[in-house]
**Student:** 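Quick one: structure below, then a few questions.
Model, not experiment: these values are computed from the prediction.
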Number of protein chains: 2
Amino acid sequence: MTTQSKWVYSFGDGKAEGRTEMRNLLGGKGAGLAEMCNLGLPVPPGFTVTTEVCTYFYANDKSYPQSLKDEVSAAVATVEQSVGCKFGDAVNPLLVSVRSGARASMPGMMDTILNLGLNKETVEGLVKRSGDARFAYDSYRRFIQMYSSVVLEISMHKFEEVMDDVKRACGYTLDTQMTAQDWKEVIEAYLVVVEKASGKPFPQDVHEQLWGAVGAVFSSWMNPRAITYRRLNEIPADWGTAVNVQAMVFGNMGEDCCTGVAFTRNPSTGENAFYGEYLVNAQGEDVVAGIRTPQHLTIKGKTENMSDLPAMEEVMPTVFSQLNDVRLKLEKHYRDMQDIEFTVQQGKLYMLQTRTGKRTAPAALRIAVEMVGEGVITKEEAINRIDPASLDQLLHPTLDPKAPRNVIAKGLPASPGAASGIVVFTADEAEDLASKGQKVILCRIETSPEDIHGMHAAKGIVTSRGGMTSHAAVVARGMGRACVAGAGDLHIDYSQGQMLVKGVVVKAGEIITIDGSKGEIMLGEVPTIQPELSGDFGVLMGWADSVRKLKVRTNAETPLDARTALKFGAEGIGLCRTEHMFFDAERITAMREMIVAENEDGRRAALSKLLPFQQKDFEDLFTIMDGLPVTIRLLDPPLHEFLPNTKADMEAVAKGAGVSVEQVERRAAMLHESNPMLGHRGCRLGISYPEIYEMQARAIFGAVIAMKKQGKTVLPEVMIPLVALKKELDILEQMVRRVASQMMQDAGTEFAYLVGTMIELPRAALQAGVIAETAEFFSFGTNDLTQTTFGLSRDDAGNFLPDYYRTNVLEQDPFVTIDQDGVGELVKIAAERGRKTRPDIKLGICGEHGGDPASVKFCHHAGLSYVSCSPYRVPIARLAAAQAAIESDKDVQARLNAA
Amino acid sequence: MTTQSKWVYSFGDGKAEGRTEMRNLLGGKGAGLAEMCNLGLPVPPGFTVTTEVCTYFYANDKSYPQSLKDEVSAAVATVEQSVGCKFGDAVNPLLVSVRSGARASMPGMMDTILNLGLNKETVEGLVKRSGDARFAYDSYRRFIQMYSSVVLEISMHKFEEVMDDVKRACGYTLDTQMTAQDWKEVIEAYLVVVEKASGKPFPQDVHEQLWGAVGAVFSSWMNPRAITYRRLNEIPADWGTAVNVQAMVFGNMGEDCCTGVAFTRNPSTGENAFYGEYLVNAQGEDVVAGIRTPQHLTIKGKTENMSDLPAMEEVMPTVFSQLNDVRLKLEKHYRDMQDIEFTVQQGKLYMLQTRTGKRTAPAALRIAVEMVGEGVITKEEAINRIDPASLDQLLHPTLDPKAPRNVIAKGLPASPGAASGIVVFTADEAEDLASKGQKVILCRIETSPEDIHGMHAAKGIVTSRGGMTSHAAVVARGMGRACVAGAGDLHIDYSQGQMLVKGVVVKAGEIITIDGSKGEIMLGEVPTIQPELSGDFGVLMGWADSVRKLKVRTNAETPLDARTALKFGAEGIGLCRTEHMFFDAERITAMREMIVAENEDGRRAALSKLLPFQQKDFEDLFTIMDGLPVTIRLLDPPLHEFLPNTKADMEAVAKGAGVSVEQVERRAAMLHESNPMLGHRGCRLGISYPEIYEMQARAIFGAVIAMKKQGKTVLPEVMIPLVALKKELDILEQMVRRVASQMMQDAGTEFAYLVGTMIELPRAALQAGVIAETAEFFSFGTNDLTQTTFGLSRDDAGNFLPDYYRTNVLEQDPFVTIDQDGVGELVKIAAERGRKTRPDIKLGICGEHGGDPASVKFCHHAGLSYVSCSPYRVPIARLAAAQAAIESDKDVQARLNAA
């Protein structure tokens, strides 16, 4: 940071030192205020202390740059001159507001302190100047209350007690009944509270007040709520916040005053109609506090919401008309829907904020598409306007936002959507009750592949353990089931058939509701709203498809998933996990017989029972995907995942395999692993038991031949998982090709297919150059690649990742958004080395990251051919891929124009 | 392979197309035969089919190069001309031997076929030419027997039956009683056996015989025993073998004939004395077969071995003198001890082989040092002559090679040395019996840190599960205990107090012996020999130390280990694993109290009990290491490793911590992890519970201050394990520095220390550039780096690595010898990036690879500063480091001359 830095930027009187483009320096609010000044809109004068001061503050042990004090003094003087008052002057005092303002809007930080500059002397000046003692004392007590709570960290509760005491003593029920004298009494009591709690009198020096407020804004940047919010919204901590100091205007100086908030279009529906609320004779905080019912701005709003209260359009038609002009001017200038705040003081309009307005996903789509129609923005801009992650809202049922929620526990928002149902604790029970038409929520400590049928039968899934990529989370997202994972406060007790949540007992059979988008678990049934895909969705996705270069496939193994993904625009299957196909009741026994067999003959006998099922699975998928590529991963998980846990199941397996129960138990004990993630799985199974992979190859090619007979073309891509050494792939590739040749010869036909591998181990990434000599495609398994690159088990990370967020070591869950520095470097190395050996190698990604917008963009820039994700994330990936293309490609405009 | 290749190299008559330097092409035997011809030694003429033909053979579906047939025919003709016989000629037949010969001597492959060229016609020619029908028919039957067994793969057993029948019918007991007629009868019966077993008559065409034998040699290159041998001896499969075809000479044509093998120096002791055995009137195989007792070559040998049989020196003084001249000529020429084979046919000496002789480790040392003294070789060469791994033999007791062994099971040679003792199944029992003066062998399915005291008390350790770097193996090597790990045939049943080995029951209390260098488990007590370090050892290690650039430290945490390592030449401690210090009875309870504590205060209370113990540990190590650097790794394993398994222990912990047993159980359940290797361990514990690392930092610096008061200097290096993110290290480094500053201030003193990190995750290797901004040193934890880079759990890999060796996917255990392509690239990347940020960064390795010669050489070439290994491997590392320096450094000679 150079000593030449300018730390403070003034605005007011139709001009400003800042402008929109200086948002990084001035924060969103500061840049908006400056820009409105530049546009000639009425803005009370003030100044912005830059975000660089915040960065300096944290880099220098919470101290300020040397020249800051002088710059602030000069800026205050400018404001004084503009409004004709003096800060701290007993006769004609300048009052200011102090507000935080980061680059992005950030709840969780200190928001606002109003009326700063009041003390026992200046309040008398305000009495005289306004001629309204009640207003002046009310303003002072508001200031003491806000400042003490925010800066001095004294509990708000103590002030409320004082108010209550005074009101009770006077026999009042409403604040409006309080007189000037009453407020003076309250002030005296407040000052006592402050001195008692902080050990010092309330600061009477207005400069001390100002610096206290500035420091509080900077400090709030690092409070836990702000840190959490940044993590959830991917905001880097080093952005910092700015501080805005602005001359006060008052919406509470009489009936010709008001204050309000508005959106330039409807933020819920996107309709192009002015939308907002205001309160007469009120200060900003009153609108928020909800003590009085806000009134609608427009007659249309009033009518649509069946309000009895008069609209601003009716009460203050002139000022309303000015406001509407501001609205149009701002939208035209910013070319996006704005969220504005204003105050009317004695009939004069003042603008206090403008920023891009938050909106629902349907509104965002409508606004973007309509603005293209209006010629306001380009299609490119429309695509960039939509947060890909927000599309989730469009695809899943959501809870009615108006319905009350009794949240008993929170977990991770593992799979979006909302669902209600009765609590069950076992997969079998879930299936049983679902088959009787009941809606159930399956609650487990954690889930395993054995629970798949129950998860499928359930409307939603809750686990008390596991992270965003735990088994429950991954499967639920794939199935489009709502899921709250890792809700650590739940103590699930299978034996008692109940769960304990902070003293509340929830028994099997009780109804709960879960919100998988927020990670909330609620008692009882909360009404939901079904999603409806608008025409706007189709239009925008069409534009997106025309620009993106990344293909989007899906991870799917069931016909339902495959069909869902196709409906959402999937261009093939990027990952068909064959192991999920072995858990059906009629298959699992044969699978287990294979596992406990004493020798290869025994395994082959059991595998021959599985072959027809497996072939049928592939025929179904090929039929649905009709000509699109389908990547089939050969068996991946360790065999012990398929073994039974109960005595009865063990006996069934023993009987089926013709061995003793002891043998089954011994086999299970032998298969036990200390670290199954790093164990006997993936292609290691193929090396040890080639007959398993051989059966799967037979099933794949058998299905291809069957399709061919029906005149259909299929492009199967056979994928060998967990390769670390080229030789592993060589041996298994040769086996697959041998099976294919044999089957072509036997059937007297020919067909095309590819053989490739997952790149999911660091060694494979480094060795990609030689592996590509054999592999015709790479699919990056970034789940396991993240686990191995970080040495981090996704099933166990939930225990300590919270400590990592708390200490700012991690800002993102690396299982959700790809770690570009570590895992990303390996992906890039592998892509580069693979392409060097085989220039036309297909490169895809099939980890959970394939549906995460930031990761999809990374994949585009890394030059991959496609991403593959769970069906419900396909539209998200399509949009993110389009945004990435716009970011980097020069020929996007041409493609868009052609679209 | 170009068509210009020459596939066949002739030798004989004092000249040869090949020479020593063509060993890769001609194999060891072929190069030796050629060189002996060039030296003018008497060698029967012949030719070598090159190793490139073998490579061609496997690359081309077991076919031969087109021109091979012609080249072989021409070479046969040259031999015919030289000896004046014709191959297949009924009157004057040429007979040949066919022998394999790879670049390195390789047991497990086909060895020899003698007398090839005999059939029912040529045998009659041999009868006439030799005038000895019995000799001729005996030769033919030997040929049929060898050829049928080796080439036609007919069981030798069937021929032995025929012989037995004939001998029984004749009433003979010895082969020597057989007459020519008897042999003819045997031949007839043999031919019937062959036709019956192979479905075809025994080949009478001598060319068919020759090509059959050549093919058998090449095929034997890929037989399972050869594959296993190559893996164990790090010989690449693509080297291939050559085939040597040579005119027969006969040591069995009468009393003026003999055959023998000899070493130019004593291969057991290294003494510079001719050493060997011979048999009069015998063919080579008779010496090996052990039917007759071989006689000593020299009178000295005969005397020393108290043999009654006459020495060759006495019986054939002239030929012996010629042989002794050959010996001296060969040693002078090859400048190393030679292993030679010879045959004397009717008073004329023929040399059949010369190669570098295998020798024991003490012999190797003596020969190398003495040859330097004799001016035969340089010090450099002497250093290179010793296989670093062989030094193990010098440091551990070994089994008396003469004692009989009843091997009941084999496992991995996990920690060298031999030990006998009574079988115990629990660590407590081991300690108990050992304290009563008993020698015990601790047998466990696998070991955990809880077994440390029992492992320490035991003479040896056996596990039925786990690999070369399993807990048992690593700890045993560190302690210098013999260990056989992963003996899968053992079924250990703790409840019965016994183990079952292929039907044999071994109960607790029975005596077994283990050979940790071979991985053998034997019933009963086998006598052992104690090692003695000769002066030659000291001389050679002195030369090694003067050339090596890599420092060698040790992994040690106990005073005993530290002292042992120092004795073996360690230059500091590279890895002190502090967790091992917490398992003592008086500490483990406090450790557990810490783990089950409800909050930080509870943890701090328990940690304060551990502090004095920990500080004392460090004071002891610092005292022993007296000024040498000591790297201390802060707590690494997951906390659940410290928790008790038994109810009684749980109750003790609950009582100590003042919590309920249920709380202890709940805490244990919460700490359970699916993949502990990738779980809450290493610096992740430091982030979650900084007070643990803080206590350890206090203990370290407390010990430093205590040492300082005694006037001693200490250079502690504080090492943070399992770092994946720079920020993890930053936070913990700041904590360590804060503690150090505070303690310096409190004690009014100053001291130096370093803070660094393990590089044991792929992400850390990739991010080494930024991590080095904070880390003052890197220590490569290549155990974990191998696990994560390969995605391979060392505790579980034992289940399937045998499949990998069988299928040639892996030739080396990557946990024993560093995987240079994958793990090695990450080490190089990290070293390079780390050094770029911090040019003087200290780089070391502390994984098990630090004691593996190949890996030590890799570390030298990667430019590391030091390796650290278990105490007993320190000399190995010193020698390997010297060899690496000789390989790459130009100034070695100067350093050696100065030494």
Side-chain angles (χ1 to χ4, degrees), chain A residues 446 465 491 638 666 670-682 684-685 687-690 722 724-725 727-728 730-731 760-767 770 784-785 787-797 799-800 802-804 806-810 819 821-823 825-826 829, chain B residues 446 465 488 491 638 666 670-682 684-685 687-689 722 724-725 727-728 730-731 760-767 770 784-785 787-797 799-800 802-804 806-810 819 821-823 825-826 829:
Chain A
E446 51 195 353
R465 196 186 282 162
H491 291 285
R666 203 177 314 133
M670 273 181 62
L671 288 174
H672 169 80
E673 293 184 311
S674 310
N675 291 289
M677 162 65 209
L678 309 175
H680 198 185
R681 47 172 290 236
R684 296 164 191 172
L685 296 172
I687 297 289
S688 293
Y689 311 112
L722 211 74
L725 299 139
K727 196 126 189 203
E728 293 171 324
D730 287 350
I731 289 178
E760 51 187 335
L761 299 175
R763 195 181 194 283
L766 295 168
Q767 286 285 292
V770 295
D784 282 359
L785 192 58
Q787 296 200 76
T788 47
T789 304
F790 266 91
L792 188 65
S793 160
R794 64 181 186 187
D795 294 327
D796 303 313
N799 282 337
F800 54 91
D803 298 330
Y804 271 55
R806 183 174 47 73
T807 51
N808 261 320
V809 174
L810 270 183
D819 157 48
D821 290 339
V823 177
E825 180 173 1
L826 286 175
I829 286 173
Chain B
E446 50 195 352
R465 196 186 281 162
H491 291 285
R666 204 178 314 132
M670 273 179 63
L671 287 175
H672 169 81
E673 292 185 311
S674 310
N675 292 289
M677 163 65 209
L678 310 174
H680 196 185
R681 47 171 290 237
R684 297 163 190 171
L685 296 173
I687 297 290
S688 293
Y689 311 113
L722 210 75
L725 299 138
K727 197 126 187 203
E728 293 171 323
D730 288 350
I731 289 177
E760 50 187 335
L761 298 175
R763 194 180 195 282
L766 295 168
Q767 286 285 292
V770 294
D784 282 0
L785 191 59
Q787 296 199 75
T788 46
T789 304
F790 265 91
L792 188 64
S793 160
R794 64 181 185 186
D795 294 326
D796 303 314
N799 282 337
F800 54 91
D803 298 331
Y804 271 55
R806 185 176 45 75
T807 52
N808 261 322
V809 173
L810 270 184
D819 157 48
D821 290 340
V823 178
E825 180 172 2
L826 287 175
I829 286 174

**Student:** I need the residue from R681(B), H491(B), H680(B) with the largest number of non-hydrogen atom pairs under 4.5 Å to chain A.
**Tutor:**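 Ranked by contacts with chain A, first place is H680(B).
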
**Student:** What part of L725(A) gets within 4.5 angstrom of chain B, counting heavy atoms only: side chain, backbone, both, or neither?
**Tutor:**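 The side chain, not the backbone.
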
**Student:** Specify the closest pair of heavy atoms between N675(A) and L678(B), including all atoms of both residues, with the distance to one decimal.
**Tutor:**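 Taking N675(A) first and L678(B) second, the nearest heavy atoms are OD1-N, 4.5 Å.
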
**Student:** Shorter than 4.5 Å, heavy atoms on both sides: which option in P762(A), G822(A), G682(A) has the most such pairs with chain B?
**Tutor:**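 Of the options given, most contacts go to P762(A).
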
**Student:** For the candidates L722(A), V770(A), L761(A), which exhibits the highest count of non-hydrogen atom pairs separated by less than 4.5 Å from chain B?
**Tutor:**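 Between L722(A), V770(A), L761(A), the count favours L761(A).
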
**Student:** List the residues meeting side-chain contact (heavy atoms from CB on, under 4.5 Å) with D803(A), not counting sequence neighbours, and say none if there are none.
**Tutor:**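 Residues passing side-chain contact (heavy atoms from CB on, under 4.5 Å) with D803(A): F800(A), R806(A), I687(B), S688(B).
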
**Student:** Tell me, side chain or backbone of L810(A) under 4.5 Å from chain B's heavy atoms, or both, or neither?
**Tutor:**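 Only the side chain of L810(A) comes within 4.5 Å of chain B.
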
**Student:** Select, from A724(B), P676(B), A764(B), the one with the greatest count of heavy-atom pairs under 4.5 Å involving chain A.
**Tutor:**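 Among A724(B), P676(B), A764(B), the one with the most close pairs to chain A is P676(B).
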
**Student:** Which one of E673(B), R763(B), E825(B) has the most heavy-atom pairs closer than 4.5 Å to chain A?
**Tutor:**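 Heavy-atom pairs under 4.5 Å are most numerous for R763(B).
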
**Student:** With sequence neighbours left out, what residues match R465(B) under side-chain contact (heavy atoms from CB on, under 4.5 Å)?
**Tutor:**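 Here the qualifying residues are H672(A), I445(B), E446(B).
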
**Student:** Pick whichever of I731(A), V823(A), N808(A), D784(A) has the most heavy-atom pairs under 4.5 Å with chain B.
**Tutor:**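 So the answer, after comparing I731(A), V823(A), N808(A), D784(A), is N808(A).
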
**Student:** Could you check which of I829(B), N799(B), L766(B) has the highest count of heavy-atom pairs closer than 4.5 Å to chain A?
**Tutor:**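 When all of I829(B), N799(B), L766(B) are compared, L766(B) has the most.
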
**Student:** What is the distance from atom CG of L792(B) to atom CZ of R794(B), rounded to the nearest 0.5 Å?
**Tutor:**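 Going from CG on L792(B) over to CZ on R794(B), the span is 11.0 Å.
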
**Student:** Picking from M677(A), Q767(A), R684(A), K727(A), which has the most non-hydrogen pairs under 4.5 angstrom with chain B?
**Tutor:**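 So the answer, after comparing M677(A), Q767(A), R684(A), K727(A), is R684(A).
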
**Student:** Pick whichever of D730(A), D819(A), L826(A) has the most heavy-atom pairs under 4.5 Å with chain B.
**Tutor:**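 Greatest number of close heavy-atom pairs with chain B: D819(A).
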
